[in-house]
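I'd like to ask you about the structure that follows.
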Amino acid sequence: MRGVGKIFHHEMRKIFKEKSLLFGFVLLPVLTLFVTVGISLLQPKSTGESVDTYSMYFYGIEVESYNIGSLDDKQIWLQPIKETPSEFILSEDFHKSDVLVDFSDVANVTIYYHASNTVSSYLKMSAEAFVRESFDMVYKGQKAGASFRSVELMDINEKDTDNRMIAMLLPYMLILPLTANIANFASDTIAGDKARGTFYQVMLSPVPPLSLIMGKIFSVSLISLFSSGIYIGLDVLGSKICESMGTKDVFGFAGVSVSALQILLILIYAVLLCYLFSNLGVLISLFCKDANQAQTAQIPVTLVCTLASMMSMFRFGTSPMSHYLIPVYNICLIFQDLLNARAKTGNMAIVALSLLVLSVVVLILTLVSYKNEKVRA
């Protein structure tokens, strides 16, 4: 794309002249960090969990309450439960030292435990031995069918209600400043040039339309991506500070574990999301006469994104796959899934693909609009 580098350099110089806007890009994440860490420090110190007995709970199988021994001068009990595992592990009866064995499907058993808790990890091994013996009893004498007998080990993240609350709010906290700040920068890309009279000079230059548009989009995308990195990075830093001080982490990052593939998809989200919002800002700026008019025209986009983020705050449980195709809303769902340790790679791939398709569609609309006579008038 001939000339895109020159346009990009010109736009970056123009952006860095707006020191007040740049200050807001960095100041907002820093203020959020101090406020959230302050809230965390006001909470009582975590003193650990005190229990009288250790328990191995069983669901989907007939067992009687039975004392199987002791550990650390505390008795270990086998206990049957009637609640579903998803409900019981969130109740006050299930402690971090306990284990839950889901026997609802005898050929595919799930063991819930806390990997970071030594007692829970020890009981998990005992539960595995119990499951193996059960398999031997059920399938005794059968040569076939061994492939479908499985035991899934489910590590339960040690997060309390406060963490789940901030996990619900975090997507909203990320989307709102991102859309608002991008709108401020994007509004000046073309509408600002129109007001200064430089846009028409560029239109007469030999720079291809695609290079002109992409140069402006890339400049806004880069600065917004930098701001998003600061925002998330400071939140993670705040989580580590809370952890080191022994306070309850209200950030929602405690106990979160993501794979290398999920990290790659998160980076793709960040790039595509910043690009998409920047492209929308440039598209709106095309039809405005000055930056103030463009900022006003950006308000509906910011409100729609805010509404989508707020809708995710009232989401309960898991969502159907179709919800991961809804723009902006799907990003909020994925962040919540990651923070609650229930993100599926398939859903994450769907979100990345939907963002890519939407970004291409918006770019085509921008290029078509650039050639429109109303834009040039």
Residue pair Asp290 / Lys194, side-chain heavy-atom distance below 4.5 Å
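Side-chain contact under 4.5 Å: no.
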How many angstroms lie between atom OH of Tyr54 and atom CD of Gln75, to the nearest 0.5 angstrom?
12.0 Å
Measuring from atom OG1 of Thr302 to atom CZ of Phe277, what distance do you get when rounded to the nearest 0.5 angstrom?
8.5 Å
Which atom names give the shortest non-hydrogen contact between Leu265 and Ala349, and what distance separates them?
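Nearest heavy atoms, Leu265 then Ala349: CD1-N, 4.3 Å.
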To the nearest 0.5 Å, how far apart are CG in Asn108 and CG in Asp102?
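Taking CG in Asn108 and CG in Asp102, the distance rounds to 10.5 Å.
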Do Tyr113 and Met125 belong to the same hydrophobic cluster, where Ile, Leu, Val, Met, Phe, Trp and Tyr are linked whenever their side-chain heavy atoms lie under 4.5 Å apart, directly or via other members?
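Yes, because Tyr113 and Met125 connect within a single hydrophobic cluster, where side-chain heavy atoms sit under 4.5 Å apart.
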May I ask you to decide if Asp98's main-chain N or O and Ser120's side chain share a donor-acceptor pair within less than 3.5 Å?
yes
Looking only at non-hydrogen atoms, find the nearest pair between Ala291 and Ala191 and report the distance.
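So the two residues come closest at N-CB, 4.0 Å.
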With a 4.5 Å cut-off on side-chain heavy-atom distances among I, L, V, M, F, W and Y, is there a chain of contacts connecting Leu333 to Val304?
no
Which atom pair, heavy atoms only, marks the closest approach of Ser86 to Ile89?
O-CG1, 3.7 Å
Over 12 non-hydrogen atoms of neighbours within 6.0 angstrom of OH in Tyr122
no
Any side-chain heavy-atom pair from Ile81 and Asp93 closer than 4.5 angstrom?
no
Quick one, Met348 and Ile266 - any side-chain contact, counting heavy atoms below 4.5 Å?
yes
Distance col, row Leu123:CG vs Leu71:CG, nearest 0.5 angstrom, shows 7.0 Å
If we count only N and O atoms by modelled type, under 3.5 Å, do the side chains of Thr366 and Asn279 hold a donor and an acceptor together?
yes
The ring pair (Phe, Tyr, Trp, His ring centres under 6.0 Å) partners of Tyr324 (sequence neighbours excluded) come to none
Under 4.5 Å between side-chain heavy atoms, hopping through other hydrophobics if needed: is there a path connecting Val328 to Met321?
yes
Note: Ser121 and His114 closest approach over all heavy atoms is OG-O, 3.6 Å
Is Leu307 linked to Leu303 within one hydrophobic cluster, defined over Ile, Leu, Val, Met, Phe, Trp and Tyr using a side-chain heavy-atom separation of less than 4.5 Å?
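In one cluster with Leu307: Leu303, no.
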Measuring from atom CG of Leu272 to atom CD1 of Ile331, what distance do you get when rounded to the nearest 0.5 angstrom?
8.5 Å
Co-membership, hydrophobic cluster, residues Phe287 and Ile217, 4.5 Å side-chain
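Cluster IDs for Phe287 and Ile217 match.
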Quick check for you: to the nearest 0.5 Å, what is the distance between Asn347 atom CG and His323 atom NE2?
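Asn347 CG to His323 NE2: 11.5 Å, rounded to 0.5 Å.
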Is any side-chain heavy atom of Tyr57 closer than 4.5 Å to a side-chain heavy atom of Phe94?
yes
Do Lys74 and Val119 come close enough that some side-chain heavy atom pair is under 4.5 Å?
no
Contact between Pro85 and Thr110 at the side-chain level, heavy atoms closer than 4.5 Å - yes or no?
no
For Ile284 versus Ala294, what's the shortest heavy-atom pair and its separation?
CG2-O, 4.2 Å
Would you check if the side chain of Gln293 reaches a backbone N or O of Lys289 as a donor-acceptor pair within less than 3.5 Å?
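Side chain of Gln293 to backbone of Lys289, a donor-acceptor pair under 3.5 Å: yes, one is there.
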Examine distances only and state if a side-chain atom of Ser91 and a backbone atom of Phe88 form a donor-acceptor pair shorter than 3.5 Å.
yes
Side chain proximity check, Tyr275 to Leu363, heavy atoms < 4.5 angstrom
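A side-chain contact exists here, since the closest heavy-atom pair is under 4.5 Å.
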Please walk me through it: do Lys124 and Glu128 pass salt bridge (charged side-chain N to carboxylate O under 4.0 Å, His left out)?
CA-CA 6 Å; Lys124 181 261 297 183; Glu128 287 182 286; 3.8 Å; yes
Got a donor-acceptor contact below 3.5 angstrom from the Ser278 side chain to the Cys274 backbone?
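Here the side-chain-to-backbone pair exists.
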Between Val51 and Ser97, the two heavy atoms sitting closest are CG2-OG, 3.9 Å
Is any side-chain heavy atom of Phe103 closer than 4.5 Å to one of Val131?
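Side chain of Val131 against side chain of Phe103, heavy atoms only: contact under 4.5 Å found.
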